[in-house]
Amino acid sequence: MHQTKAFNYSVPYYAWLLLFVIAPVILLLFESFMDVHGNFTLNNYQTYFSSGTYIRMTFNSVFFAFMVTVITLAISYPMALIMSRLKHAQFWLMLVILPTWVNLLLKAYAFIGLFAKQGTLNEFLTFVGIGPQQIMFTDGAFMAVAAYVQIPFMIMPIFNSLVEIDQSLVNAARDLGASSAQTLRKVIIPLSMNGVRTGVQAVFIPTLSLFMITRLIGGNRVITLGTAIEEHFLVTQNWGMGSTIGIILIIAMAITMYLTRDRKQGGK
Amino acid sequence: MKHKAASLYLIFVFVVMYLPIFYLIFYSFNAGDYMNNFSGFSLEHYRTLFSDYRLMRILANTFIIALLSALFATLIGTFGALGIYHTRRRGTRNTLLSLNNILIVSPDVIIGASFLILFTLIGMKLGFLSVLLAHIAFSIPIVVLMVLPRLNEMNPALIDAAHDLGANDYQVLSQIVLPYAWPGILSGFFMAITYSLDDFAVTFFVTGNGFSTLSIEIYSRARQGIDLSINALSTLMFLVSLVLIVIYYFLSTYQQRGSKKKRTLGTAVR
């Protein structure tokens, strides 16, 4: 009896699922088979796969996302490990989360000031005797800012998987004569792989689709899949091609999720 | 020694994480016009900020969108979570949950582009309404994810007992279920607000010409270079975030105390 009632309350939710989850995906797929005049065509996919530009752009985008993920992981894992051993771990976690509440645009904007020709970083480089460098609009600048933005999203899942490790397993390893390096390699890292996988997903996929940072910091030198989609939709108004790249991005995302899936059977 | 290295690393990463933010805040008090050569303390940029009528209106827009979208998303999402909770068949339940999570894992550009196609198809004018609808749409799943665990933790005997004692469906919902799920509903609401305040990419796609939110405005101003009233604005935004996270922190610790299962703060974000 109350079951049907709850269903009635949930009607707006199901309408939302239909209208804003299922419909947009289908529309995007349809649009990818349209030319600029709205006729059915396979040309978009043909162009994508035959003209080297799009393929190169995709590989570039994947490469940059990969680099950013590796950098973020290298910084975040030790950080999460140290944090998980601290007394007020939840407090430190909150300090990690706080920067994510600062608007992304403001963070990018801060780096414009830091990286500018006469910016603070260049002043520092001049001070230590290296002399001013062109920092803005380089690949390095893009990767640094992208990694900066993503670090909290890597630390959080890894930290969570680390605090969930049963401490007695670690103690057992030590009792059985494992050195701390061995304990780390054989016990702690394997048990925290779930967090690493979640972190990689949380960093890699958004980095593929970043477009604001590529414009503001990368100065359009780095073209990610996201930049290409934005360009086709809002600048050249070629929605068909934009949707095609969107479908490619979805496929890239699915592959990422597949590669980083939880391989254990019967888990949650 | 090892301990020392760990502390140093911890401090170093935190410094890197907070440096850009405090850098922005610091230069908002600069008497000069650039983000270098601090030439003296001044509140001039705050004065410019508050007399910038356009920016003030955009700020108001941003908060109206955030509050309204969070409110609607919380309403729809909470009842959606109830719907999923009451779904008995495991397969249907899992399908619903996977559908629910699609927008959470989707890249912003995909959401933005597909919503743009949708709004254009149904002939909606881009502006306030399209932005509001988009924000409601991408906030709903996070509300569901905040409310559903709370419902699952609830002892079903509570509901049966209430029915046995003669409560009708409405009473069970308003006296038992909603109060029990309340911390989850509140966290969902706060998450929805932050999602909305933080969004740039989706809004960028569906906003059209006349309407602008803060992220969009900062983007277009940042493309023109440094403007220290943006720094002043970020200082104020940082304070708002600080207040919000403190509220959220208390909510989630309250929720943790209430539940047997330990849930950490971090899983809630994103």
Side-chain angles (χ1 to χ4, degrees), chain A residues 2-3 5-7 9-10 12-13 16-17 20-21 23-25 27-28 31 75 78-79 82 90 93-95 97-107 109-114 118-120 123 151 153 156 159-160 163 202 205-206 208-209 211-212 216 226 229-230 233 242 246 249-250, chain B residues 6 9-10 13-14 16-18 20-21 23-24 27 35-36 76-77 79-80 82-83 86 99-100 102-103 105 107-110 113-118 121 137 140 169 172 194 197-198 200-201 205 214-215 218-219 222-223 226 230 234 237-238 241-242 244-245 249 264-267 269-270:
Chain A
H2 57 277
Q3 201 172 332
K5 204 50 170 275
F7 252 89
Y9 289 130
S10 316
Y13 177 73
W16 164 79
L17 276 183
F20 286 100
V21 178
V25 177
L27 283 175
L28 194 75
E31 193 70 40
I75 297 173
M79 185 68 179
I82 296 167
Q90 288 297 321
L93 183 66
M94 204 170 82
L95 275 189
I97 295 173
L98 185 58
T100 69
W101 290 49
V102 174
N103 195 303
L104 185 64
L105 267 296
L106 290 177
K107 285 185 267 189
Y109 173 76
F111 279 99
I112 297 178
L114 278 167
Q118 268 131 31
T120 309
E123 273 177 10
I151 281 176
F153 300 108
M156 281 188 276
F159 173 85
N160 283 335
V163 287
I205 297 168
L208 273 183
S209 60
F211 69 89
M212 178 272 299
L216 289 181
I229 295 170
E230 188 256 349
F233 266 91
L249 178 53
I250 291 177
Chain B
Y9 185 73
L10 188 85
V13 175
F14 273 123
V16 170
M17 281 174 83
Y18 279 91
I21 297 167
Y23 174 75
L24 276 185
Y27 276 104
M35 275 201 264
N36 52 4
I76 299 171
F79 285 113
L82 277 171
H86 282 298
L99 283 176
N100 181 71
I102 284 184
L103 285 190
V105 296
D108 298 347
V109 263
I110 298 287
S114 61
F115 282 6
L116 177 62
I117 301 175
L118 177 76
L121 188 79
I140 287 175
D169 289 341
V172 170
T194 50
L197 286 180
D198 217 32
F200 165 72
F205 273 88
L214 207 53
S215 303
I218 298 169
Y219 179 68
R223 293 191 85 171
I226 303 293
I230 295 288
S234 54
M237 293 289 286
F238 185 70
S241 313
L242 216 55
L244 280 176
I245 199 170
Y249 181 72
T264 36
L265 188 60
T267 49
V269 180
R270 225 193 212 184

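Proteins come first, then strands; the chains are lettered A, B, ... in the order of their sequence lines, and each starts at number 1. The shown structure was predicted, so the numbers you read here are calculated from the model rather than taken from an experiment.
Side-chain contact between W16(A) and L103(B): present, with at least one pair of heavy atoms (C-beta onward) separated by less than 4.5 Å. With contacts defined as side-chain heavy-atom distances shorter than 4.5 Å, the pair V105(B)/I205(A) does not qualify. You'll find the side chain of S209(A) stays beyond 4.5 Å of the side chain of I110(B), heavy atoms only. At least one side-chain heavy atom of S215(B) sits less than 4.5 Å from a side-chain heavy atom of N103(A). With a 4.5 Å cut-off on side-chain heavy atoms, I230(B) and L106(A) count as touching. Using a 4.5 Å heavy-atom threshold, the side chains of F238(B) and L98(A) count as touching. Counting only heavy atoms from C-beta outward, the side chains of V109(B) and F233(A) never approach each other to under 4.5 Å.
Residue Y9(B) holds its OH atom at 6.0 Å from CD1 of I75(A), rounded to the nearest 0.5 Å. One finds the CG atom of L105(A) at 9.0 Å from the CG atom of D198(B) (value rounded to the nearest 0.5 Å). We find the OH-CG distance between Y27(B) and L114(A) to be 9.0 Å, quoted to the nearest 0.5 Å. To the nearest 0.5 Å, atom CD of residue E31(A) and atom OG of residue S114(B) are 11.0 Å apart. Distance check: L24(B) CG to Y109(A) OH gives 7.0 Å after rounding to the nearest 0.5 Å. The structure places CZ of R223(B) at 11.5 Å from CE of M212(A), a figure rounded to the nearest 0.5 Å.
Legend: residues meeting ring-ring contact (aromatic ring centres under 6.0 Å, His included) with F200(B), ordered by chain and number and at least two apart, are F211(A), F204(B), Y219(B). The salt bridge (charged side-chain N to carboxylate O under 4.0 Å, His left out) search around E230(A) returns R215(A), not counting sequence neighbours.
If you measure heavy-atom distances from L249(A) to chain B, the contacts under 4.5 Å come from the side chain alone. The contact between L216(A) and chain B is made entirely by side chain atoms (from C-beta outward), counting heavy-atom distances below 4.5 Å. M237(B) touches chain A through its side chain: at least one heavy atom from C-beta onward sits under 4.5 Å away, while N, CA, C and O do not.
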Can you list the steps and then say if L118(B) with F20(A) is a side chain to side chain contact (heavy atoms under 4.5 Å, CB included)?
CA-CA 8 Å; L118(B) 177 76; F20(A) 286 100; 3.8 Å; yes
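Listed options L242(B), L214(B), N100(B), V172(B) were ranked by heavy-atom pairs under 4.5 angstrom with chain A; first place goes to N100(B). Ranked by heavy-atom pairs shorter than 4.5 Å toward chain A, the options I102(B), L116(B), V16(B) are led by L116(B).
Judged purely by atom type and a 3.5 angstrom limit, Y13(A) has no side-chain atom pairing as donor or acceptor with the backbone of I140(B).
Of all heavy-atom pairs spanning L28(A) and A113(B), the tightest one is CD1-CB, 4.5 Å. Heavy atoms only, all atoms of each residue included: I21(B) and P99(A) are closest at CD1-CB, 3.9 Å.
With no hydrogens or angles considered, a side-chain donor-acceptor pair links T120(A) and Y23(B) at under 3.5 Å.
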